[in-house]
There are 2 protein chains.
Amino acid sequence: MTKNMEPTTTVQRLPMYHRCLQKLNTEGVEIVSSKELGEKVGVPATQVRKDLSYYGEFGQRGVGYQVSLLLKHLRKILGLEKEWKIVLVGVGHLGQALIKYQGFRNLGLNIDYAVDIDPQKVSTQVAGVEIKAMSELEQIITKEEIEIGIIAAPAQVAQEIADKLVAGGIKAIWNFAPRYIEVPYEVKLVNEDLSVGLIGLTYHLAES
Amino acid sequence: MTKNMEPTTTVQRLPMYHRCLQKLNTEGVEIVSSKELGEKVGVPATQVRKDLSYYGEFGQRGVGYQVSLLLKHLRKILGLEKEWKIVLVGVGHLGQALIKYQGFRNLGLNIDYAVDIDPQKVSTQVAGVEIKAMSELEQIITKEEIEIGIIAAPAQVAQEIADKLVAGGIKAIWNFAPRYIEVPYEVKLVNEDLSVGLIGLTYHLAES
DNA sequence: TTATATCTGTTAATTAAATAACAAAGTTCA
DNA sequence: TGAACTTTGTTATTTAATTAACAGATATAA
């Protein structure tokens, strides 16, 4: 009898709850029910309760959830309490946009390291982040104990970069290159293919 | 007895097959098996066959799939044959990166219209796309018969923009604002919350 | 105080998705 | 030719995820 694990879909919904609770908290709302929270993020109340139940009992029957308390728990669950070290590889248009993206800052996630293959870009700064040479990548990861790597480089070099990240001892990779890359089992990989979202729309428009 | 519909997960995998087939095609590969294709995109062979089976019979038993032919079918299925008209709202860092993103161009998807609320940006160009005033948005959509809208604006104004897109007669919306927005049933909505991917990594690193 | 309404956490039922199994069709090679 | 492999498309089975149902707690108001 193995323990009941959280579905991957639950993990994808947690950030939405977190975001909503952040907003409610700044608005001064103190209590929220699974029904209200669900409506705000487009998920049934029963799904909200189920999702949270994988991690503990955070609410009070007949009352609801204390916003600030649930927010705190979610921050813990999502690993937002810790300060993560993140390196971005490939400072093109997308890479720069990611460095400047306010959404990450609001979560306390800052991209403080960046490397690029273009010598022209090396030693320049983007939003206060100094761009280092690609040749230094492995060393930087090891020395600075960087845990998360973001690949925002062309598909052709994505695997090569992934290998370097792994060699440096990276623990997790967020890959924006539209390509399947292979990493060791112990390295967590999330692919973010921007085309998929857009094609999702053309697909539905085409069939209707 | 209703007809067997394709799962949403299948629709998400189709772009990966398409991308892989494009590559194989340019490499001059003529035939590919579900096993090979699956390995290249990280999906079991049986899943590849199942996914394709929702749309027809594209292979030959004992042989495999003709790359160019399957590619053609997939382009059709994914709605990449048609020329779509796309408007981007919010030409900030992310918006500019999206306009310049090569991945869309490779699919024949071009963002040819853009609007921004900042008067300083209006009438300037980004990668050849002239930025129009926000006040013109609704009119542009109607006049140019634009089908797809991309929201790359701050969360606070996302719903307002969505309403304008809908009022103009948009058929589908791709929302990058980290916020739940409501649109009429007949408008297709895809949310692309960049934070979700990154939090997915911190979550897994935190629990291990 | 007591009935009524609210809301959570959890178990049960249902629905969706992935995987396995296999017949049908095609290829290769002795 | 015919036996041994390949490989697809489809049906059957298993696993995963969602939804429904409801007991246990709490609040509210008569």
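On a predicted model such as this, the values are computed, not experimentally measured, just so you know. First the proteins, then the strands, lettered A, B, ... as listed; each starts at 1.
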Phosphate OP1/OP2 of dG9(D): any Ser53(B) side-chain N/O under 4.0 Å: no

Given dA17(C), is OP1 or OP2 found less than 4.0 Å from the side-chain N or O atoms of Thr8(B)? yes

Whole-Å distance between dT10(D) C1' and Tyr55(B) OH? 17 Å

Tell me, which of residues 60-79 of chain A have any heavy atom that sits under 4.0 Å from an atom in DNA chain C? Gln60(A), Arg61(A), Gly62(A), Val63(A), Gly64(A), Tyr65(A)

Using heavy-atom distances to pick each residue's nearest nucleotide on DNA chain D, tell me which of Phe58(B) and Thr10(A) is more 5'. Phe58(B)

Does a donor on one side chain sit under 3.5 Å from an acceptor on the other, for Tyr203(A) and Glu6(B)? yes

So what does Thr46(A) hit on the nucleic acid, given a heavy-atom distance under 4.0 Å: a base, only sugar-phosphate, or nothing? base

Atom NZ of Lys35(A) to atom P of dT8(C): distance rounded to whole Å? 10 Å

Would you name the heavy atoms of Ala114(B) and Val91(B) that are closest together and state the gap between them? CB-CG2, 4.0 Å

CD1-NE2 distance between Ile99(B) and His93(A), expressed to the nearest 0.5 angstrom: 11.0 Å

May I ask you to decide if the ring planes of His73(B) and Phe58(B) are parallel, tilted or perpendicular, using 30° and 60° as cut-offs? tilted

Qualifying residue for side-chain hydrogen bond (donor to acceptor under 3.5 Å, both in side chains) with Glu81(A), from Lys76(A), Arg75(A), Lys72(A): Arg75(A)

Give the rounded distance in Å between these two atoms: CD of Glu39(A) and C1' of dC7(C). 14 Å

I'd like to check His18(A) versus Leu71(A) (side-chain heavy atoms, cut-off strictly below 4.5 Å). Are they in contact? yes

In whole angstroms, the gap separating C1' of dT8(D) from OH of Tyr17(B) amounts to 14 Å

Taking C-beta and beyond as the side chain, do Ile151(B) and Trp174(B) meet within less than 4.5 Å on heavy atoms? no

Would Tyr17(B) and Asp51(B) count as a side-chain hydrogen bond (donor to acceptor under 3.5 Å, both in side chains) here? Give the steps. CA-CA 10 Å; Tyr17(B) 303 150; Asp51(B) 286 339; 2.6 Å; yes

Expected list for residues 182-191 of chain A near DNA chain C, using heavy atoms below 4.0 Å, is none

Between P on dC7(C) and CD on Glu36(A), what's the gap in Å once rounded to a whole number? 7 Å

Nearest-angstrom distance from the residue atom CD of Gln47(B) to C1' of dT11(D): 16 Å

Considering only heavy side-chain atoms of Lys50(B), the closest of dT19(C), dT10(C), dA17(D) is dT19(C)

Rounded to the nearest 0.5 Å, what separates atom CG in Leu78(B) from atom CD in Glu207(A)? 10.5 Å

Would you tabulate the pairs of protein nitrogen or oxygen atoms and nucleotide nitrogen or oxygen atoms of nucleotides 2-4 of chain C closer than 3.5 angstrom?
none

Looking at Lys23(A), I want to see if its NZ is surrounded by more than 12 non-hydrogen atoms of other residues, nucleotides or ligands under 6.0 Å. no

How many whole angstroms separate atom CZ of Arg49(A) from atom P of dA23(D)? 14 Å

Calculate the interatomic distance between Asp51(A) atom CG and dA17(D) atom C1'; express it in whole Å. 10 Å

